[in-house]
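All residue numbers in this chain count up from 1 along the given sequence.
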Amino acid sequence: MKKNLLLTGVLGASMLALAACGDDEAGTDEEPAEEPAADVEDEDDEAGAEADDTDADDDEAEAAAGDGDDVYADVAGETYTIATDNAFVPFAFMDLESDEMSGFDIELMTALAEEIGFTPNFQAMEFSGALAGIQSGSYDAAINAMSITEERKETIDFSDPYYLDAGIIFAVHESNTDEWSSFEDLDVDGVTISTVQGTTSHEFLDENLENATVQTYPEIADAYMNVIQGHNDAVLYDEPNVAYTIEQAQDQLVMIGDTLLADDYGIGLPQGHDLLEPLNHALEVLQENGAYDDLYEEYFGERPFGT
C-alpha cells in the first residue's frame, strides 16, 4: 500500500537587524543573532523517518505480491492431468448444452490454474479410478469431492480443504418415509443400500452395517436410479449431492436421519507432488480476493468468507 509522504518545508533562520544608537566613537554594529538549528534538524529527521517507513511498507507490499510468483515458479507454464468425475452434480458434470465439463470443482480448479499459470487437462473417470490413479502417480491431481480422511492421507497428499463439512446422508424413495426414518431403521435383513464403490459412504456402510446389504455402483447416478425404480431401498452419499439430486428428481427421494461424518473435501495429489504448495497458496488468494465466494455463491447460494 502506498502512502503519501508529507513534505515538510525547512524553515530558514530569522535575521534580527539591530540598530545601535550612539555617537560615532562609541557606536558599533552588532552581528545578527542566529536561531539554533536543532528544530530544523528534528523536522528533517522526522521527514526522513517517515520516508523510511513508507519505503518499508512499499517493500513489504512488493514482497507479498511476489510471494505467489515465487511459489508458482516451478509449475507455471506446465500442463497437468486432473482426474475428476463427470456425474457428481453440482461439483463436476457434463454440460449437455456445451458438451464440456462444468461444476464447482471444475470451475474452481480452472480458476486455481489461471492464478498459478498452468494448464489443466481434465480426465473424467469413476471415483475409484481417480483415487487409484493418484495413489499410483498416473495423474497429477484429483478434484472430485474427495473427502480428506486419515486412511487416504497414508497414501496420498491433500490440499487445504476447499469445501467444509460435506457429510454423508441417507435418502429413500418418498413412498417409504413411513417405514424408514433413520440409519437404525435401514439396518435390517432384506434392505439393500446403494452407494459408489470406494467412497467414504461405502467405507461407512462396510464398517457399520450389521444386517442390511450393500450394493455398490461405479457412478452415483446408477445408485439413485436404482432407488427411484425400486430395485434398492436407500442410497447413502455426500449430502450436497443428495440435496441437489432430490431437487432435480422432483422430490422422488427424501433425505432421512442425521448427517454422518461431515468430512472436508480436498484436492488429492501423489505424495510430494510439486503442485501441492502452489495450489494451497492459490486457494488462499481466491478466498481473500472474493473469487472463491463468487463461485461458491453461484452453486450453493451463500458466501462463506463474506468477501
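Ring centers of Phe104 and Phe88: at least 6.0 Å apart, outside the cut-off.
Between Tyr299 and Ser102, the shortest heavy-atom distance links the atoms OH-OG, 3.6 Å. Heavy-atom minimum distance, Ala130 versus Ala83: CB-CB, 3.8 Å. The minimum heavy-atom distance between His202 and Gly198, with the atom names listed, is ND1-N, 3.1 Å. Shown here for Gly137 and Pro270, the closest heavy-atom pair between the two residues is CA-CG, 4.0 Å. Counting all heavy atoms, side chain and backbone alike, Arg303 lies closest to Gly290 at NH2-O, 3.7 Å. In this structure, Pro120 and Ala113 approach most closely via the heavy-atom pair CD-CB, 3.7 Å.
Residues Val196 and Glu219 form no side-chain contact, since every pair of their non-hydrogen atoms from C-beta on lies 4.5 Å or further apart. Looking at Asn211 and Val191, their side chains never come closer than 4.5 Å, going by heavy atoms from C-beta outward. Side-chain atoms of Met146 and Leu131, non-hydrogen and from C-beta on, do get closer than 4.5 Å to each other. The side-chain heavy atoms of Pro161 and Tyr265, taken from C-beta on, include no pair separated by under 4.5 Å. Proximity of Leu253 to Glu174: side-chain heavy atoms (C-beta onward) are nowhere separated by under 4.5 Å. Between Glu302 and Glu297, the closest side-chain pair of non-hydrogen atoms is not below 4.5 Å. Within the 4.5 Å cutoff, the side chain of Asp264 has heavy atoms near those of the Asp165 side chain. Looking at heavy atoms from C-beta onward, Asp263 lies out of side-chain contact with Ile148 at the 4.5 angstrom threshold.
A distance of 13.5 Å separates CD of Gln123 from CG of Asp85, quoted to the nearest 0.5 Å. The CD1 atom of Ile267 sits 8.0 Å away from the CG atom of Asp105 when rounded to the nearest 0.5 Å. The CD atom of Glu239 sits 3.5 Å away from the OG1 atom of Thr259 when rounded to the nearest 0.5 Å. Of the inter-residue distances, the one linking Ile220 atom CD1 with Met225 atom CE reads 11.5 Å to the nearest 0.5 angstrom. The line from CG of Asp238 to OH of Tyr163 is 9.5 Å long, rounded to the nearest 0.5 Å. Of the inter-residue distances, the one linking Leu283 atom CG with Leu108 atom CG reads 6.5 Å to the nearest 0.5 angstrom.
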Report the C-alpha distance between Ile246 and Asp251 in whole Å, list the side-chain angles of each, state the deciding distance to 0.1 Å, and finish with yes or no for side-chain contact (heavy atoms from CB on, under 4.5 Å). CA-CA 5 Å; Ile246 287 174; Asp251 298 328; 3.6 Å; yes

With side-chain hydrogen bond (donor to acceptor under 3.5 Å, both in side chains) as the test, would you mind laying out the steps for Ser147 and Thr149 before giving the verdict? CA-CA 6 Å; Ser147 296; Thr149 67; over 6 Å; no

Residues Met109, Leu279; criterion side-chain contact (heavy atoms from CB on, under 4.5 Å); working and verdict: CA-CA 9 Å; Met109 179 57 81; Leu279 283 171; 4.3 Å; yes

Verdict with supporting geometry, Tyr217 and Asn232, side-chain contact (heavy atoms from CB on, under 4.5 Å): CA-CA 12 Å; Tyr217 297 92; Asn232 299 149; 2.8 Å; yes

Would you sort out whether His273 and Asp157 count as a side-chain hydrogen bond (donor to acceptor under 3.5 Å, both in side chains), showing the intermediate values? CA-CA 8 Å; His273 199 286; Asp157 287 341; over 6 Å; no

Does the pair Leu236 and Leu205 meet the rule for a side-chain contact (heavy atoms from CB on, under 4.5 Å), with working shown? CA-CA 8 Å; Leu236 178 66; Leu205 293 172; 3.6 Å; yes

Go through Phe183 and Phe170 one step at a time and tell me if the ring-ring contact (aromatic ring centres under 6.0 Å, His included) criterion holds. CA-CA 7 Å; Phe183 168 57; Phe170 287 98; 5.5 Å; yes

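Heavy atoms of other residues, nucleotides or ligands lying less than 6.0 angstrom from CG of Asp258 number 12 at most.
Using a 4.5 Å cut-off between side-chain heavy atoms of Ile, Leu, Val, Met, Phe, Trp and Tyr, with links allowed through other members, Ile143 and Val285 fall into the same hydrophobic cluster. There is a path of hydrophobic side-chain contacts, each under 4.5 Å, that joins Ile193 to Trp180. One hydrophobic cluster holds both Tyr72 and Leu276 under the rule that ILVMFWY side chains link at heavy-atom gaps under 4.5 Å. Linking ILVMFWY side-chain heavy atoms closer than 4.5 Å, directly or via other members, places Val235 and Val214 in two distinct hydrophobic clusters. Under the 4.5 Å side-chain heavy-atom criterion for grouping Ile, Leu, Val, Met, Phe, Trp and Tyr, Val254 is not connected to Tyr244 through any hydrophobic cluster.
Put simply, the side chain of His281 never gets that close to the backbone of Glu277: no donor and acceptor are under 3.5 Å apart. Checked by atom type and distance alone, the side chain of Gln252 pairs as donor or acceptor with a backbone atom of Ala249 at under 3.5 Å. Formation of a donor-acceptor pair under 3.5 Å by the Asn241 side chain with backbone atoms of Val89 is found in this model. Here the side chain of Glu126 pairs no donor or acceptor atom with the backbone of Gln197 at under 3.5 angstrom. A donor-acceptor distance shorter than 3.5 angstrom exists from the side chain of Asp293 to the backbone of Phe305, with no hydrogens or angles considered. Using modelled atom types, one side-chain atom of Asn280 and one backbone atom of Asp160 make a donor-acceptor pair closer than 3.5 Å. At distances below 3.5 Å, at least one donor-acceptor pair connects side-chain atoms of Asp233 with backbone N or O atoms of Thr192. Of the possible polar contacts, none joining the Arg152 side chain to the Ile156 backbone as a donor-acceptor pair under 3.5 Å is found. Judged purely by atom type and a 3.5 angstrom limit, Asn86 has no side-chain atom pairing as donor or acceptor with the backbone of Ala124. In this structure, the side chain of Tyr162 engages the main chain of Ala145 through a donor-acceptor pair within 3.5 Å.
In this pair, Tyr224 and Tyr237 present their aromatic rings perpendicular. The plane angle is above 60°, beyond the 30 to 60° band.
A donor atom on one side chain and an acceptor atom on the other are not found under 3.5 Å apart for Tyr139 and Asn121.
Among the candidates Ile169, Val172, Asp185, the single residue satisfying the side-chain contact (heavy atoms from CB on, under 4.5 Å) test with Ile256 is Val172.
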